[in-house]
Number of protein chains: 2
Amino acid sequence: MTTLRDVARHAGVSIGSVSTVINNTAPVSPTLRAKVLLAIEELGYVPDAVARSLKMGRTRTIGLILPDITNPHFAAIASAIEIACDAAGYSLLLCNTMDNPTKELRDLRLMRTQRVDGVILVPGAGDADYVGELKRAVSVPVVLIDRTLPGFDFDAVVLDNRAASHGLVDYFVRSGHRRIGIVIGPPAISIAEERLGGYLQGLADHGIDVEPAYIARGSFQPEPDYHATARLLALRQRPTAILSTSNHTTIGVMKALLDKGFRCPNDISVAGIDDFVWATAFSPKMTVMAQPITDMGRLAAQRLFGRISGTIDGPAEVLVSAPALLVRESTRPLVD
Amino acid sequence: MTTLRDVARHAGVSIGSVSTVINNTAPVSPTLRAKVLLAIEELGYVPDAVARSLKMGRTRTIGLILPDITNPHFAAIASAIEIACDAAGYSLLLCNTMDNPTKELRDLRLMRTQRVDGVILVPGAGDADYVGELKRAVSVPVVLIDRTLPGFDFDAVVLDNRAASHGLVDYFVRSGHRRIGIVIGPPAISIAEERLGGYLQGLADHGIDVEPAYIARGSFQPEPDYHATARLLALRQRPTAILSTSNHTTIGVMKALLDKGFRCPNDISVAGIDDFVWATAFSPKMTVMAQPITDMGRLAAQRLFGRISGTIDGPAEVLVSAPALLVRESTRPLVD
DNA sequence: TGCCAATCCTGAAACCTTTCAGAGAAAATC
DNA sequence: GATTTTCTCTGAAAGGTTTCAGGATTGGCA
């Protein structure tokens, strides 16, 4: 590796001058600049970000911790954040927790030792240890995205989850449905409770009694949610409509319908939260509440950069995005 | 931030001793160890990876450069690599090129300034500049995955792409199809040519003449491949089977069928390369050649770690994985 | 008791950069 | 022409760690 020292020697100038030229940190004579630039070119010098980080006390790197990069929802978030990082001159350290709290703790610790300048986090369900570590990780700005963490005042970028499921219930009821099931994730995850809350509120607003059996607990994962859906379908008095509360859930729901021999929307209407590329590629095209996920990712990154630079310094804010209903072909009016 | 110096002072020992205890790099007395551990605990000391990297000359970080994290295929690769990194004590720097050569160059340069210990790369279509930069990036081990780069002897982990499309052609022909179309990506990407090659070979092996109009150039992207498919469907003499050469391509193909009013498999059979979670959630369940993608990601990471540590030091190897045919419901025998 | 070997531990150098006080030269002012 | 100001550039310190030559202490042996 060639260093500043090599460049300086080769150009016949001091190390400090080379640094000055590279970073444009003070006026220099054209001669000096030319000599240095030439030397850099000839030696193929590339600055060492490690040494720079050590000296400067910041790494120009942020950490992204999410549950499952394999889920297109989180992949879209990652993509948006990566674009923002590129534009702002940040590098991106990626960690995938697989929804494993132990791994998440390890990742948080990794962020500390790596001295990232900030963290964007999709928090899992946190116990006491977790909460402690997260608090300590707070030496650096943290922005939550997608999910929140009760009791922590971090900036957060989230969907209006209650509105999302409430809107879907509204739509179902307007279409004549009253027996509406829901497949929902674990209570420890904030969005599960919020989406369930919107569903309950929606039913209440329309004067529909809650049928406990219509609330099927899954895990926001295709497999468990497949089984949760199967329970719904096995009911003596089946729902006529199912609210699927995430894209991975939708995979489980649709798979269950297919396997159990139900046609959608003829036998049962299904609407989901989250849009995805393949939603319109197969039968039926899915009716969904879409999240402005790219915007949300960008927003989270910009928020974090603002905190890091000090441009943003008020109290923590929760930025809430509105979902948009896309009516397609997995739902139909109930006529009987 | 508390430093080694702080810990040393607090424990009443030397800096070197603290380092020794932390890294278990030499025998120390139980007393010393206890004092140091206690001090670390009390001060909440976390080692500084930046300083460590500077001193050691390695960062224990690898870079992953891929075209589109939003594509579940690459997301699966990323996930597998992340798991391998976690197990081996490496951090993962993620870059997303969006199939943009300029961005890819920038990412490569970023890897150099960040002093990553190695790079796993899904190369795009490279021009001269690109090739030069890549050559320079070679100061550090590079492992290619998914795609190769002609003329570079890097380790690579790839699918047997010819076998994948050849196998699909075989399957179609066995099912009675002879008018077989293909939707393929741009020629500059290695896998496109290989998959096209397997298709041509397959036809040849069965004594079927190549119909140029049946070869539809797309981009391995839903949108362009939708239009490529539409061209196939507009043919006077339509193919009875379509070979879709990537998962994103499959989205375009199926969408086009749906929009143009063709039923699959009744009107046209479709088989794709790449399996994906939602392949079995909708109608029709897709017949595909599945890649052992998780294995491939792990393999690439292990290969890279081996190169970095020097455990592996022979000439570059291309590790070829075999695809597996999963017959589902998007294909059917041709009876007429 | 005296000496040597073995065992622990210390302290400073080095990794590559940024930053800044100040040296030296040129330009400006009286 | 002497003095001050301005403009460039230099050189060294500092950032937190690892490493290693050597110092200090202990134990063993004659």
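In what follows, every chain begins at residue 1, and chains take the letters A, B, ... in the order their sequences are listed.
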Participant: State the CD1-CD1 distance between Ile120(A) and Ile65(A), to the nearest 0.5 angstrom.
Facilitator: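 One finds 10.5 Å between CD1 of Ile120(A) and CD1 of Ile65(A).
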Participant: Taking OP1 and OP2 of dC8(C), is either one under 4.0 Å from a side-chain nitrogen or oxygen of Ser29(B)?
Facilitator: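 Result: no.
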Participant: For Thr20(B) and Leu54(B), take the nucleotide of DNA chain D holding the closest heavy atom to each; which residue's nucleotide lies nearer the 5' end?
Facilitator: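 Result of the comparison: Leu54(B).
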Participant: Quickly work out the Arg60(B) CZ to dT17(D) C1' distance and round it to whole Å.
Facilitator: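 It is 16 Å, rounded to the nearest whole Å.
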Participant: What's the closest nucleotide to the Asp48(A) side chain, out of dT19(D), dC9(C), dT17(C)?
Facilitator: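 Of the options given, the side chain of Asp48(A) lies nearest dT17(C).
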Participant: Is any side-chain N or O of Tyr45(A) closer than 4.0 Å to OP1 or OP2 of dT17(C)?
Facilitator: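 So the side chain of Tyr45(A) is within the cut-off, an N or O lying under 4.0 Å from OP1 or OP2 of dT17(C).
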Participant: If you only use heavy atoms from C-beta on, which nucleotide in dC9(D), dT8(D), dT18(D) is closest to the side chain of Pro27(A)?
Facilitator: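 Taking heavy atoms from C-beta onward, the closest nucleotide is dT8(D).
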Participant: Side-chain N or O of Arg52(B) versus OP1/OP2 of dT18(D): is the shortest distance under 4.0 Å?
Facilitator: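 True: Arg52(B) side-chain N/O within range (under 4.0 Å) of dT18(D) OP1/OP2.
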Participant: Which is true for Val50(A) with a 4.0 Å heavy-atom rule: it touches a base, it touches only sugar-phosphate, or it touches nothing?
Facilitator: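 No contact at all - Val50(A) keeps every heavy atom at 4.0 Å or more from the nucleic acid.
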Participant: Are Gln114(A) and Ser91(B) linked by a side-chain donor-acceptor pair shorter than 3.5 Å?
Facilitator: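 Yes, because at least one side-chain N or O of Gln114(A) sits under 3.5 Å from a partner of the opposite role on Ser91(B).
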Participant: Whole angstroms only, please: what is the CD1-P distance between Ile15(A) and dA14(D)?
Facilitator: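 One finds 16 Å between P of dA14(D) and CD1 of Ile15(A), rounded.
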Participant: Flag the pair Arg52(A) and Asp48(A) as a salt bridge only when some basic side-chain nitrogen lies within less than 4.0 angstrom of an acidic carboxylate oxygen.
Facilitator: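 Answer for the salt bridge query: no.
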Participant: Atom CZ of Arg5(B) to atom C1' of dT17(D): distance rounded to whole Å?
Facilitator: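 Rounding to the nearest Å, CZ of Arg5(B) and C1' of dT17(D) are 12 Å apart.
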Participant: Can you tell me if His73(A) and Asp146(A) form a side-chain donor-acceptor pair at under 3.5 Å?
Facilitator: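 Side-chain D/A pair, His73(A) to Asp146(A): present.
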Participant: Using whole Å, what does the distance between atom P of nucleotide dA14(C) and atom CZ of Arg58(B) come to?
Facilitator: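 Arg58(B) atom CZ is separated from dA14(C) atom P by 21 Å.
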Participant: Distance check needed: dC20(D) P versus Asn23(B) CG, whole Å only.
Facilitator: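 Answer to the nearest Å: 13 Å.
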Participant: For the pair made of CG in Leu32(A) and C1' in dG24(C), what is the distance, rounded to whole Å?
Facilitator: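 For the pair Leu32(A) CG and dG24(C) C1', the rounded distance is 15 Å.
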Participant: How long is the line joining CD of Gln114(B) and C1' of dC16(C), in whole Å?
Facilitator: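 Interatomic distance, CD of Gln114(B) to C1' of dC16(C): 14 Å.
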Participant: Given that Ile22(A) and Ala51(B) both sit by DNA chain C, which one's nearest nucleotide is further toward the 5' end?
Facilitator: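 Between the two, 5'-proximity favours Ala51(B).
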Participant: Give the nucleotide from the list dT19(D), dT18(D), dA14(D) with an atom nearest to the side chain of Leu4(B).
Facilitator: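 Output: dT18(D).
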Participant: Taking only the side-chain nitrogens and oxygens of Ser53(B), find out if one of them lies under 4.0 Å from OP1 or OP2 of dT17(D).
Facilitator: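 No, outside the criterion.
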Participant: Report yes if a side-chain nitrogen or oxygen of Ser17(A) is closer than 4.0 Å to either non-bridging phosphate oxygen (OP1 or OP2) of dC9(D); otherwise report no.
Facilitator: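 Result: no.
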Participant: Using whole Å, report how far NZ of Lys55(B) lies from P of dA13(C).
Facilitator: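 Roughly 12 Å, once rounded to whole Å.
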Participant: Quick check against the 3.5 Å criterion: does Asp155(A) have a side-chain atom that pairs as donor or acceptor with the backbone of Glu317(A)?
Facilitator: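 Present.
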Participant: Is the phosphate of dT10(D) approached by Ser14(A) (side-chain N or O, under 4.0 Å from OP1 or OP2)?
Facilitator: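 For dT10(D), OP1/OP2 do have a side-chain N/O of Ser14(A) under 4.0 Å.
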